[in-house]
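Here's the structure, in structure tokens; my notes come after.
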Amino acid sequence: LGQSYDNYEIVIINDASNDGTRNYLDNLRIPSDMLVIHNEKNLGLQKSLNKAIAASKGRFIARIDDDDSWIDSHKIEKQVQFLNNNPEYGLVGTNYLIGGKKVFNPESDKDIRRQMLFRCPFRHSTVVFDRHLYEKVGAYNEDLPYSEDWELWMKMGKHSKMANLQFFSTAISEEDTATKKYFTRQIPINISIVRQNMHYYPGKIRALIYHHFVRLFFKIIPLNGLIHNCFKRIFLWVFKMKQ
């Protein structure tokens, strides 16, 4: 509601929350351009995202998690202007803050493609993408329990150029609930996604070696220990996420 861009609709999807969210939304004074959807049972993130987008009408989609916030009031305006002025692009993200610290994502289409097989080069709550491209590539994959956004960007990149605008649009929640079990479940999924899309992006052999190394790493190295934290700093330096 604080965005400078005012040609929008808001779709809120409540995925059968049991923490008072439904009562809060039911008592919210809803503007005419806001739609609230209550799932009667928990569908999960992927199905909920597709359901919310299906209920929308706009050409461009911007989405955000309930614990993140857009801190630049011109965020949507800047991204929509970029997409309108550069029709060869169908996906645009930004840099972001986490815990008050600046995190950078690769700016150009070329640099994004160089990183695509190694890490997700977009933060989900920062993106704006073209609905036609989203529909063309088949939406979020509802069979994936993790990395549905990364897989969607990989599919979009086969048909469109991509960019990250170099401003800080979003503050990401500091809460980190990642566990060793999470990583050991997610990494095989990431490897599968990379295998399915590796012929469209550079560095496929190095990427496979890297992901298998990461898989072994999390089997033997304690989470958030000295070695893990050291490799996190190396990761941020290699991919130029901190400057």
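FYI, side chains are in, hydrogens and waters are out, and symmetry mates aren't considered; it's all heavy atoms of this structure.
- Residues Ile76 and Val92 share a hydrophobic cluster, clusters being chains of Ile/Leu/Val/Met/Phe/Trp/Tyr side chains in contact below 4.5 Å.
- Tyr200 and Trp153 fall within the same hydrophobic cluster, where Ile, Leu, Val, Met, Phe, Trp and Tyr residues are linked whenever their side-chain heavy atoms come under 4.5 Å apart, directly or through other members.
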Could you walk me through whether Tyr96 and Lys102 pass the side-chain contact (heavy atoms from CB on, under 4.5 Å) test, one step at a time?
CA-CA 6 Å; Tyr96 59 95; Lys102 295 179 178 179; over 6 Å; no
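- With hydrogens and angles left out, the side-chain atoms of Glu77 and Ser4 include a donor and acceptor closer than 3.5 Å.
- For Asn86 (side chain) and Glu88 (main-chain N/O), no donor-acceptor pair under 3.5 Å exists by modelled atom type.
- Looking at residues two or more places apart in sequence or on another chain, you find a side chain to side chain contact (heavy atoms under 4.5 Å, CB included) between Ile193 and Leu144, Ser147, Glu151, Met154, Ile189, Asn197.
- Between Ile53 and Glu135 the shortest side-chain heavy-atom distance does not fall below 4.5 Å.
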Run the numbers on Arg119 and Asn105 for side chain to side chain donor-acceptor pair (under 3.5 Å), then give the verdict.
CA-CA 11 Å; Arg119 60 173 288 268; Asn105 269 324; 2.8 Å; yes
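- Under the 3.5 Å distance criterion, the side-chain polar atoms of Ser160 are matched with a main-chain donor or acceptor of Gly90.
- Within a 6.0 Å sphere centred on CD1 of Ile220, other residues, nucleotides and ligands contribute more than 12 heavy atoms.
- Looking only at side-chain heavy atoms (C-beta outward), Ile172 and Ser125 come within less than 4.5 Å of each other.
- More than 12 heavy atoms of other residues, nucleotides or ligands shown are found within 6.0 angstrom of CD1 on Ile234.
- The same ILVMFWY cluster, assembled from side-chain heavy atoms under 4.5 Å apart, contains both Val194 and Ile112.
- Using bins of under 30°, 30° to 60° and over 60° for the plane-to-plane angle, the ring pair Phe82/Tyr89 lands in the perpendicular bin.
- Separation of the Tyr140 and His124 ring centroids falls under the 6.0 Å cut-off.
- Scored by the ring pair (Phe, Tyr, Trp, His ring centres under 6.0 Å) test, Trp150 finds His211 as partners (sequence neighbours excluded).
- The stretch residues 51-63 participates, sequence neighbours left out, in these side chain to side chain donor-acceptor pair (under 3.5 Å) pairs: Asn39-Lys51, Ser56-Arg131, Arg59-Asp130, Arg63-Asp65.
- Judged purely by atom type and a 3.5 angstrom limit, Thr21 has no side-chain atom pairing as donor or acceptor with the backbone of Ser17.
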Walk me through whether Arg233 and Asn229 qualify under side-chain contact (heavy atoms from CB on, under 4.5 Å).
CA-CA 6 Å; Arg233 288 193 289 271; Asn229 288 330; 4.2 Å; yes
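- A salt bridge does not link Arg123 to Asp68: none of the charged side-chain nitrogens sits closer than 4.0 Å to a carboxylate oxygen.
- Annotation for Asn27: atom CG counts as buried by contact number, over 12 foreign heavy atoms lying within 6.0 Å.
- For the pair Arg206 (side chain) and Phe118 (backbone), a donor-acceptor distance under 3.5 Å is absent.
- No side-chain donor-acceptor contact under 3.5 Å links Lys161 to the backbone of Lys110.
- With ring centers used as reference points, Phe231 lies under 6.0 Å from Phe217.
- Taking every heavy atom of both residues into account, Pro106 and Pro121 meet most closely at CG-CB, 3.8 Å.
- Residue-environment remark: NZ (Lys47) stays at or below the threshold of 12 foreign heavy atoms within 6.0 Å.
- Between the side chains of Glu142 and Gln46, no donor N or O sits under 3.5 Å from an acceptor N or O.
- Side-chain contact check for Asn50 and Tyr134: at least one donor-acceptor pair (N or O, by modelled atom type) lies under 3.5 Å.
- Nearest heavy atoms, Ile37 versus Ala55: CD1-CB, 3.7 Å.
- Here the CD1-CG distance, from Ile64 to Asp67, works out to 9.0 Å after rounding to the nearest 0.5 Å.
- Pairing each heavy atom of Lys75 with each of Val127, the nearest pair is NZ-O, 4.0 Å.
- Two residues are said to be in side-chain contact when any heavy atoms from C-beta on lie closer than 4.5 Å; His74 and Gln3 fail this criterion.
- Chaining together hydrophobic side chains whose heavy atoms lie under 4.5 Å apart leaves Leu43 on its own.
- Annotation: side chain of Leu152 is in contact with side chain of Val137 (closest heavy-atom distance under 4.5 Å).
- Every pair tested for ring-ring contact (aromatic ring centres under 6.0 Å, His included) that includes a residue from residues 37-70 fails, sequence neighbours excluded, so the list is empty.
- Placement of Met156 and Val80 in two distinct hydrophobic clusters is found when ILVMFWY residues are connected by side-chain heavy-atom separations under 4.5 Å, directly or transitively.
- Taking the centre and axis of the six-membered ring of Phe104, the NZ or CZ atom of Lys240 falls outside the cone set by 45° and 6.0 Å.
- Atom NZ of Lys158 sits in a crowded spot, with more than 12 heavy atoms from other residues, nucleotides or ligands closer than 6.0 Å.
- A salt bridge between Glu40 and Arg22 is present, with a side-chain N of the basic residue lying under 4.0 Å from a carboxylate O of the acidic one.
- The two residues Lys78 and Leu165 have their closest heavy-atom pair at O-CD1, 3.9 Å.
- Of all heavy-atom pairs between Gly203 and Leu117, the closest is C-CD1, 4.2 Å.
- Glu148 places no side-chain N or O within 3.5 Å of a backbone atom of Leu49 that could act as its donor or acceptor partner.
- Side-chain contact between Asp111 and Gln115 is absent, with no heavy atoms from C-beta onward closer than 4.5 Å.
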Please step through side-chain contact (heavy atoms from CB on, under 4.5 Å) for the pair Leu91 and Phe122, ending with a clear verdict.
CA-CA 10 Å; Leu91 168 65; Phe122 295 92; 3.7 Å; yes
side-chain contact (heavy atoms from CB on, under 4.5 Å) for Leu25 and Asn14? Distances and angles first, verdict last.
CA-CA 9 Å; Leu25 291 172; Asn14 168 32; 4.0 Å; yes
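- Other residues, nucleotides and ligands place more than 12 heavy atoms under 6.0 Å from the CG atom of Leu28.
- Cluster membership for Tyr201 and Ile205, using ILVMFWY side-chain heavy atoms within less than 4.5 angstrom, is not shared.
- With sequence neighbours excluded, the residues that form a side chain to side chain contact (heavy atoms under 4.5 Å, CB included) with Val214 are Ile187, Tyr210, Phe218.
- For the pair Asn141 and Asp143, the tightest heavy-atom approach, listed with the atom from each and the gap, is OD1-N, 2.9 Å.
- Remark: side-chain polar atoms of Asp15 are paired, donor with acceptor, to backbone N or O of Gly44 under 3.5 angstrom.
- Phe235 has its ring centre less than 6.0 Å from the ring centre of Phe239.
- Side-chain atoms of Gln81 and Asn85, non-hydrogen and from C-beta on, do get closer than 4.5 Å to each other.
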